Every structure is written in structure tokens, then in C-alpha cells.
There are 2 protein chains.
Amino acid sequence: MDIIPASPLIDPVSHRLGYLLRRASAAMMADLAHTLSSCGISPVEATVLVVIGANPGCTQSDIARLLGIKRANMVPIIARLGAEGWVERRPMNGRSHALHLTEAGMGVHNQAELRMNEQEERFSGLLQGQDAAALRAALALLVRTPEE
Amino acid sequence: MDIIPASPLIDPVSHRLGYLLRRASAAMMADLAHTLSSCGISPVEATVLVVIGANPGCTQSDIARLLGIKRANMVPIIARLGAEGWVERRPMNGRSHALHLTEAGMGVHNQAELRMNEQEERFSGLLQGQDAAALRAALALLVRTPEE
DNA sequence: TATTGTTATACTCTATAACTATA
DNA sequence: TATAGTTATAGAGTATAACAATA
């Protein structure tokens, strides 16, 4: 049950839900960053590409709300996706832009999605006897948090 | 299943394990930070207090290995716990120090542990019909990641 | 030689406040 | 008045490299 079995210390925290969530999330995010690095894209950028791919014409504020990212922090993300030629910004009504994937953007999108699927399967394979669907359902319940 | 039901967007990511882990971890950590703020302590500091409480005489390098924190990043954490008078550093062998909780440190430790237990129960209560023990077991499997 | 503790530093992520221009 | 996009900035958290003292 201890996360670091070789440690000479008693581990009084690895049974805690918050601690386990943090460590598991960090492990999977670090793995995903490495998995996606050959695509030249970060986990957040890949996620934004996937959202635009599923919602052609959405705005960056739409994406911010969906992903829980502050509006201000979307700016450098969209700027980079635009600079790479992966995302096109079409003026909508003067104050917002409709976002669309370019041809190159679709290519990166598809590559990134492939690797994300591969990673998902790899991590699901670690769940010896555990139900991956039940894990996802439980996590989704925790996201609806009494904060904000 | 969508995390933000009010969004006009199709949500193509909230079924992904990595995404759910990240959102759930962020939600619980933000809640914990708020829960512990009345103790004047951060989640990481509280975790370190708990580790020292369970392992009197351990070194900060021991704690770093257990919690997956870099040695260099332990310095300001231990410095703050020492400056508050919660942790005492007793010279061991010239290059390392044995860490112990002071009386005041035990008080903060107990308060923080109470609130962490309360938070744990509150979040476990969100798991409608889900098995909290199974969730923890599944998360622990994910922490052992093929990286590094 | 390897380890502990430390300094300095840099990079990412996140958060706020304020501004503009548009609706 | 509210929203979209932006700028600037500040604070965490995390990473590396290097060094001194010690084992």
C-alpha cells in the first residue's frame, strides 16, 4: 500500500484520497507530457485542440469555461496554436473569434489523440482487477466540488 | 457525464482518465487549501507535519523521497515549519538533522489532521454508490508509473 | 564516492486586476 | 451593464546545476 516501499519511513499519507489523487494525477500528467512531446505539443494544448475539433467555431472563452482555465491564461495557448498554423481565428462579431482547426491542425489533432488513447489504455492496464469505468465515474463525482 | 453541463460545447475530454484525474485532484487540493487556511498551513506543509509526526527523528531527505519532492524544494518548507516553532531540528551526525514536532507543532498537527479527516469524509460522501476503498486502491496502482 | 543540506535560478501554471472594444 | 480578448504581474510549484560539508 505504501507508495515508496523502499523508504525506511512509515507512510502515514498514502491512504488519503487527496494525496493519492495528487500523486496519480502528477504521474499521469508527466507521462502524458512525455508521450506528447514527439508531437511538439503540451497536454493542455492537445486538450484545447481536441475541444476545437469537437466544436468548430467555438470561442476561446467557451473553451476556458469548459476546461476550468482562466480567460487570461487562454491567450498564450491560443496564440501558440495559431502561430504553429494549427488553429485559425475567424472574426465573428467584432469582439470574438470563431476557432477552427487547419489542415495541419487536424493532423496534429489526430496524432495527439492517438497517443492520448494509447496512454489511456496503458494506464487502464495498470488497474489489476479494478474497474476503469468505475474509477472514471468516481472521479467525475469528485470534480463537482462544493467550491467557488 | 459532462463536467460543465451548462456549457454549450460538446465535451470530448471529460471521459478521459488523465483529464478527470487532473480536475479531481485540482478540486480536492483547492478545497484542502481552503480547509487548512484557518490553521495557517498549506497542504504540503500539513503533509510534512504528518510525516514527521509518524516518523520522529527522520531527515528532510527522507521526507523528500517519500513524498516525491526534490531535496532543494524541501528547504523553504522545513524552514517555514521551523520558523513557526512547529518543528525542531536536532543535529544528528554533522550533515543531517533529526526532525521532531514541538509541543506547538503537535497542536497544529492534530488540528490539521482533524480537518484532513473531515475533508476526506466529505469527499468520500460525494461518491454516490461508488466504493471509496476501490477508488483509493485504483489510484495507488496509477502512482506506480513506468516513468523516471 | 555518495549523500545532506543549501543557494540560485528558471520555467510552468495559475490567479488577479485592469484595460479596450464590442454586444 | 455584461462579455471577449488582452496585458501585466504575482504567486505557487517544480526542475536543474552547482557547491560545501560530511559519511
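If you're wondering where the values come from, they're calculated on a predicted model, not measured in any experiment. Chain A is the first sequence line, chain B the second, and so forth, proteins listed ahead of strands; every chain is numbered from 1.
In this structure A:Asn110 satisfies the side-chain hydrogen bond (donor to acceptor under 3.5 Å, both in side chains) test with no other residue, sequence neighbours excluded. In terms of the side-chain hydrogen bond (donor to acceptor under 3.5 Å, both in side chains) criterion, A:Glu121 has no residue partners (sequence neighbours excluded). With sequence neighbours excluded, the residues forming a side-chain contact (heavy atoms from CB on, under 4.5 Å) with B:Ala46 are B:Leu36, B:Ile41, B:Ala112, B:Met116, listed by chain and number. Applying the side-chain contact (heavy atoms from CB on, under 4.5 Å) rule to B:Gln111 yields the partners B:Cys39; only residues at least two apart in sequence or on another chain are considered. The side-chain hydrogen bond (donor to acceptor under 3.5 Å, both in side chains) test applied to B:Glu113 returns no partner, not counting sequence neighbours.
If you take CE of A:Met92 and C1' of C:dT22, they are 13 Å apart, rounded to a whole angstrom. Taking atom CD on A:Glu45 and atom P on C:dT12, their separation rounds to 10 Å, with Å as the unit. In this structure, A:Gln60 atom CD and D:dT7 atom C1' are separated by 13 Å, rounded to whole Å. The nearest whole Å value for the distance from the CE atom in A:Met29 to the C1' atom in D:dA15 is 16 Å. The distance between atom NE2 of A:His97 and atom C1' of C:dT22, rounded to the nearest whole Å, is 11 Å. One atom, CZ of B:Arg22, and another, P of C:dT12, lie 14 Å apart when rounded to the nearest Å. In this structure, B:Asp62 atom CG and C:dT4 atom C1' are separated by 10 Å, rounded to whole Å.
For B:Arg95, whose side chain is taken as the heavy atoms from C-beta onward, the closest listed nucleotide among C:dA2, C:dC13, D:dG5 is C:dA2.
Considering only side-chain N and O atoms, A:Ser61 lies under 4.0 angstrom from the phosphate OP1 or OP2 of D:dG5.
Of the residues in residues 70-84 of chain A, those lying under 4.0 Å from DNA chain C by heavy-atom distance are A:Lys70, A:Ala72, A:Asn73.
A side-chain donor from one of B:Asn117 and A:Arg16 sits under 3.5 Å from a side-chain acceptor of the other.
Contact annotation for B:Thr59: backbone-only contact, meaning every heavy-atom pair under 4.0 Å involves sugar-phosphate atoms and none involves a base.
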